[in-house]
> 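To start, I am sharing the structure in question, which I have written as structure tokens.
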Amino acid sequence: MQDTGEQPQRIGAYDHTAVEAKWRQRWAEEQTYKADLDTPARPYYNLMMFPYPSAEGLHTGHAFTFSGADAHGRFRRMQGNDVFQPMGWDAFGIHSENYALKVGEHPTRLMPRTVANFKRQMDRLGAGFDWSHELNTSAPDYYRWTQWIFVQLMKRGLAEQKEAAVNWCPRDLTVLADEQVIAGRCERCGAVVERRVLKQWFLKITDYAQQLLDGLDTLDWSDVVVSAQRNWIGRSEGAMIRFDLEGCARGDVTVFTTRPDTLCGATFLVVGADHPKLDEFTAPERREAVARWRAELPADQDEPDFSIGIDLGSQGVHPLTGARVPVFAAPYVLGGYGTGAIMAVPGHDERDWQFARAHSLPIVEVITGGDVDDEAYTGSGVLVNSVEFDGLSSDEAKQHIVARLQEQGRGESAVQFRLRDWLISRQRYWGPPIPVIHCAQCGPVPVPEDQLPVLLPDVEDFKPIGTGLSPLASVEEWVNVPCPQCGGPGRRETDVSDTFLDSAWYFLRYPSTEFDGVPFDRERTWRWAPVTIYIGGKEHSVLHLLYARFINRVLYDAGFVPAQEPFPLFRANGLIIKDGAKMSKSRGNVVSPDVYMDTYGADTLRVYLLFLGPYEQGGDFRDEGISGAVRFLSRVWRIATADTLTDAADDRRERRRHALVKAITERMGGLRFNTAIALLMTYVDELTGDAAAGGVRRVDVETLLQLLAPLAPHITEELWERTGHTGSIHRSQWPGYDPSLAAAQEVTIAVQINGKVRDTLHVPVGMSPSELEGLAKRLPRIQELLAEKPIRKAIVVPERIVNFVV
RNA sequence: GCCGGUGUGGCGGAACGGUAGACGCGGUGGUCUCAAAAACCAUUGGGGGCAACCCCGUGUGGGUUCGAAUCCCACCGCCGGCACCA
């Protein structure tokens, strides 16, 4: 559907191609959008998520996001803010590298072309970026500081190498963070992810779990994103309980439960089948059998099978009753969550119930409220079969039982998070090398800060090799370096870091791009952080937006940034869909903005996209719909170029103008572009009427152009010039309004009988309720309908309604 | 299952608890034209009526209120997040 089948058309006498090209050039020459970073009176950091420069170029979703965010920035600039609106390139990462592999060209050579294309399209859209602060995450003067951040994390004990069961993508041949696995598949390529036990670099985001959760309460963010982060962090409250073990190498095991009140219903223990130290829980004579069983476990299935499990032959000792309970291993318990082991309470947990049934284990009711012979009862109730705790409610019992355990040193209350540490190692080429040197004597040593960046070596064959090592491992002369600490033989870390580490701090770099010696200049940072408003996609809810909050908090704790939260105000823009589905290459419903900009011009596309629906909701792209935007802008052109502009004083029209300014100002501030455009359309209709009636007021046209300027920057700039103004409309002052003039003078109020509208009353504002009631009563229609019926009650809301209850 | 969002004409969508359907697309009729396109004007939720007007209508069922798309309760559908998390 990219070919609209129509010839490029002109909007009346408006040649969008020539006009848009003229102003693109003029704005670049005059640096219209360059921000004053050092002496701003009212700094306004207008940030939008930077793209990775794909070869396909800007898509319609980008055009939508940038049109809205740019309109908002332009509005704030005209309001007198010093708007800083930078843009850059998330150029490192698997996505760019995979494309380079596909076309067989080195990413260092490919990337400049894709970047240039993106930049061309953004400029064409009329996005007013301050290009003097452009950045590129794959440039050494950027990733030098990404590496520096890694070193700071290491120094603070927040980066560590550890062995764990991790996600391995068999197609991209690298490990992935939990956040990059969507429903068991690689976020990038869609391949089913495998589990591998590997030693990898992790950033300890879990140390900040509580802070990241609490911080959400301070943020003005779209609900979806807050809720997604809250779910992802996944806090649960409960208790750690220690069971002594018999018949195996370990003396005891601690389990986490959110239901300590059900402790007396624990009839067995289960250790995760993937627990790294399963052997320690196993009776020596069972080890061989358990190892065999483990090796033959089926891969992860969609439908969990709670019957799979094996008796480890050891015994747990119940901390309250002293009863001996069997210990099992089963895949339904996760080795990586909590302590990797649970107490099973089949009477009151669905999964434990199913496992108990399958293995003929006892099911004991300890909470009243259900029938545990039929199914697990997971609600709360009153305790039974629970030694001296019988008769307590679940809530009371939780406290009493934990207190008892604590006295005996067998347990304590505890909080668990679902959030895992952030795995940042990637066995790939196109990223910043992790700045570490491994030394046999000193262990992993960070590269000294004055030796950063660790340059990514220029490797011709950058294909991932799939051995669990990055292609960098084969560059011997690069790998072998002396240990910075002892001078002995050392080997460089050969993995690169996750691209999300690059983007976790880019907003701090923009204001300081010209500083070589620091990642971000202190004065600049204190002036420009935190970001005033951040706009982007919600698909980054638990990726970029979470990582950036984490890194920013670490930098705050280290004294490098002035605020704990990087983005106090975030708005998620909606999705542009087409034919009811998300645009995607595989569906063949991708719409290229270039085609529409060719045919109708950038302003028309911007207005059309923003008019489609609420900005935070998005909308359905339909080819026919764009004609509304075409007609609207052509009417604007006609009105502003008419030779009948007058300077006549006109009280009614002046009031109308003030009311419009007030309404548009409110909507532009709240990103309600669709209703702002609707109001402007109505206004243009009225001005068209004025023109037919003899003349349009110059001031009305000027106001129209200014209010429309953020949305349609080229055509308004051209008309601004044609109506005799010098200087950019985008640097002009946003029209003000007098609230008393903006307020309506006359209102039409509804007259209701029993809540049903029966007539209307057109009156000046400010009438008293009794006057209104009197006027309403005297309306012929109302008299007729009221007839002889007595009025039981009259409700009068001035400027709204009169309602007679009979 | 839990969490968040959402449900309004043929379609996209408007609507501080106060005249539901702004604005736009599409449709219909008209003006202009030899004709068409463009442009402009009128009309366009459903039903009834010659008309003035009347009735019905915001996913479903209840409730609060003089008055509910809007608030409350219980459902249903759709979209998104989490999900063997103990």
> Whole-Å distance between B:rA14 P and A:Glu616 CD?
12 Å

> Would you mind telling me which of A:Val802, A:Ile749, A:Ile782 makes a side-chain contact (heavy atoms from CB on, under 4.5 Å) with A:Asp759?
A:Ile782

> Tell me: NE2 of A:His540 to P of B:rG80, nearest whole Å?
17 Å

> Of the candidate nucleotides B:rA86, B:rG24, B:rG18, which contains the atom at the shortest distance from the side chain of A:Asp685?
B:rG24

> For A:His275 and A:Phe281, take the angle between the two ring planes, folded into 0 to 90°, and tell me which bin it lands in: parallel under 30, tilted 30 to 60, perpendicular over 60.
perpendicular

> Can you check the distance between B:rA42 and B:rG47, where both ends of the measurement are the C1' atom (answer in whole Å)?
23 Å

> Heavy atoms from C-beta onward define the side chain here; which of B:rC40, B:rA14, B:rC84 lies closest to that of A:Pro614?
B:rA14

> Does A:Arg235 reach the main-chain N or O of A:Gln210 with its side chain, forming a donor-acceptor pair under 3.5 Å?
no

> Which of the following nucleotides, B:rA39, B:rG18, B:rG80, is nearest to the side chain of A:Arg638?
B:rA39

> Touch check for A:Val333, heavy atoms < 4.0 angstrom, all strands: base, sugar-phosphate only, or nothing?
base

> In whole angstroms, how far is the P atom of B:rG5 from the OH atom of A:Tyr615?
21 Å

> For B:rA86, does either OP1 or OP2 sit under 4.0 Å from a side-chain N or O belonging to A:Tyr332?
no

> Is the shortest heavy-atom distance from the side chain of A:Leu707 to the side chain of A:Met668 under 4.5 Å?
no

> If the test is side-chain contact (heavy atoms from CB on, under 4.5 Å), which one of A:Ile639, A:Val636, A:Val696 qualifies with A:Thr688?
A:Ile639

> Whole-Å distance between B:rC53 P and A:Glu784 CD?
10 Å

> Reckon A:Val805 touches a base, only the sugar-phosphate, or nothing at all at heavy-atom distances under 4.0 Å?
sugar-phosphate

> Can you check whether A:Thr675 has a side-chain N or O nearer than 4.0 Å to OP1 or OP2 of B:rC23?
no

> Should B:rA69 form a Watson-Crick or G-U wobble pair with both distances under 3.5 Å, which nucleotide is its partner?
none

> Are A:Lys756 and B:rC56 close enough that a side-chain N or O sits under 4.0 Å from OP1 or OP2?
yes

> Looking at A:Val806, is its backbone amide N or carbonyl O close enough to the side chain of A:Asn754 to form a donor-acceptor pair, meaning the two atoms are under 3.5 Å apart?
yes

> With a 4.0 Å cutoff (strictly under), does any side-chain N or O of A:Asn231 reach OP1 or OP2 of B:rC2?
no

> Mind checking whether A:Arg622 and A:Tyr608 have side chains closer than 4.5 Å, heavy atoms only?
yes

> If you compare every side-chain N and O of A:Arg758 against the phosphate oxygens of B:rC54 (OP1, OP2), does one of them come in below 4.0 Å?
yes

> Which whole-number value in Å describes the distance from A:Leu575 CG to B:rG80 C1'?
10 Å

> Expressed as a whole number of Å, how far does the P atom of B:rG45 sit from that of B:rA52?
15 Å

> Ignoring backbone atoms, establish whether A:Arg781 has a side-chain N or O less than 4.0 Å from OP1 or OP2 of B:rC54.
yes

> On RNA chain B, nearest-nucleotide positions of A:Pro331 versus A:Ala750: which is more 5'?
A:Ala750

> Under 4.0 Å between any heavy atoms, over every strand shown, what does A:Phe417 touch: base, sugar-phosphate, or nothing? Just pick one.
nothing

> Can you figure out which of B:rU19, B:rC84, B:rC40 approaches the side chain of A:Val757 most closely?
B:rU19

> Which whole-number value in Å describes the distance from A:Trp221 CH2 to B:rG4 C1'?
15 Å

> Within less than 4.0 Å of OP1 or OP2 of B:rG13, is there a side-chain N or O belonging to A:Gln617?
yes

> Think A:Arg631 has a side-chain N or O under 4.0 angstrom from the OP1 or OP2 of B:rC25?
yes

> Show the numbers, then the answer: is there a side chain to side chain donor-acceptor pair (under 3.5 Å) between A:Glu179 and A:Trp422?
CA-CA 8 Å; A:Glu179 289 80 6; A:Trp422 175 14; 5.4 Å; no

> Of the candidate nucleotides B:rG18, B:rA22, B:rG4, which contains the atom at the shortest distance from the side chain of A:Gln752?
B:rG18

> Give A:Ser541 one of three labels, base, sugar-phosphate or nothing, depending on what nucleic acid heavy atoms sit under 4.0 Å from its own.
nothing

> Please classify the nucleic acid contact of A:Asp223 as base, sugar-phosphate, or nothing, using heavy-atom distances under 4.0 Å.
sugar-phosphate

> Write down the distance separating the C1' atoms in B:rU43 and B:rG21, rounded off to the nearest Å.
16 Å

> May I ask you to decide if the ring planes of A:Phe328 and A:Phe268 are parallel, tilted or perpendicular, using 30° and 60° as cut-offs?
perpendicular

> Taking pairing as Watson-Crick or G-U wobble with both contacts under 3.5 Å, can you name the mate of B:rA42, or confirm there isn't one?
B:rU28

> Of the listed nucleotides (B:rG13, B:rC40, B:rG18), which one gets closest to any side-chain atom of A:Arg635?
B:rC40

> Determine the interatomic distance between P on B:rG9 and the same-named atom on B:rA35; round to the nearest Å.
40 Å

> The side chain of A:Val224 is closest to which nucleotide in this list: B:rC82, B:rG24, B:rG4?
B:rG4

> Looking at the side chain of A:Thr748, which of B:rC40, B:rA86, B:rU19 is the nearest nucleotide?
B:rU19

> Find which nucleotide of RNA chain B each of A:Asp352 and A:Phe611 is nearest to by heavy atoms, and output the residue with the more 5' nucleotide.
A:Phe611

> Taking the same atom, P, in B:rU70 and in B:rG18, what whole-Å distance lies between them?
11 Å

> Return no unless some side-chain N or O of A:Arg418 is found under 4.0 Å from OP1 or OP2 of B:rA83.
yes

> Mind checking the P distance from B:rC66 to B:rG81? Whole angstroms is fine.
44 Å

> Using the purine O4'-C1'-N9-C4 or pyrimidine O4'-C1'-N1-C2 torsion, is B:rG9 syn (within 90° of 0) or anti?
syn

> Using side-chain heavy atoms (C-beta onward) and a distance below 4.5 Å, is A:Ile241 in contact with A:His318?
no

> Ignoring the backbone of A:Ser236, work out which of B:rA86, B:rC66, B:rC25 is nearest its side chain.
B:rA86

> Closest approach to the side chain of A:Ala678, judged atom by atom: which nucleotide of B:rC23, B:rU19, B:rC40 is it?
B:rC23

> Looking for any heavy atom pair under 4.0 Å, which part of the strands does A:Arg420 touch: base, sugar-phosphate only, or nothing?
nothing

> Within this structure, what is the CG-to-P distance between A:Leu612 and B:rG24, rounded to whole angstrom?
15 Å

> Which value, in whole Å, describes the distance between the P atoms of nucleotides B:rU8 and B:rG59?
6 Å

> With both distances kept under 3.5 Å, what pairs with B:rG1, Watson-Crick or G-U wobble?
B:rC82

> Taking atom types as they are modelled, is there a donor-acceptor pair under 3.5 Å from the base of B:rG1 to the side chain of A:Glu350?
no

> Paired with B:rG77: which nucleotide, if any, by Watson-Crick or G-U wobble criteria at under 3.5 Å for both distances?
B:rU6

> Rounded off to whole Å, could you give me the CG-to-P distance for the A:Asp349 and B:rG1 pair?
17 Å

> How far does the C1' atom of B:rG17 sit from the matching atom of B:rU64, given to the nearest Å?
12 Å

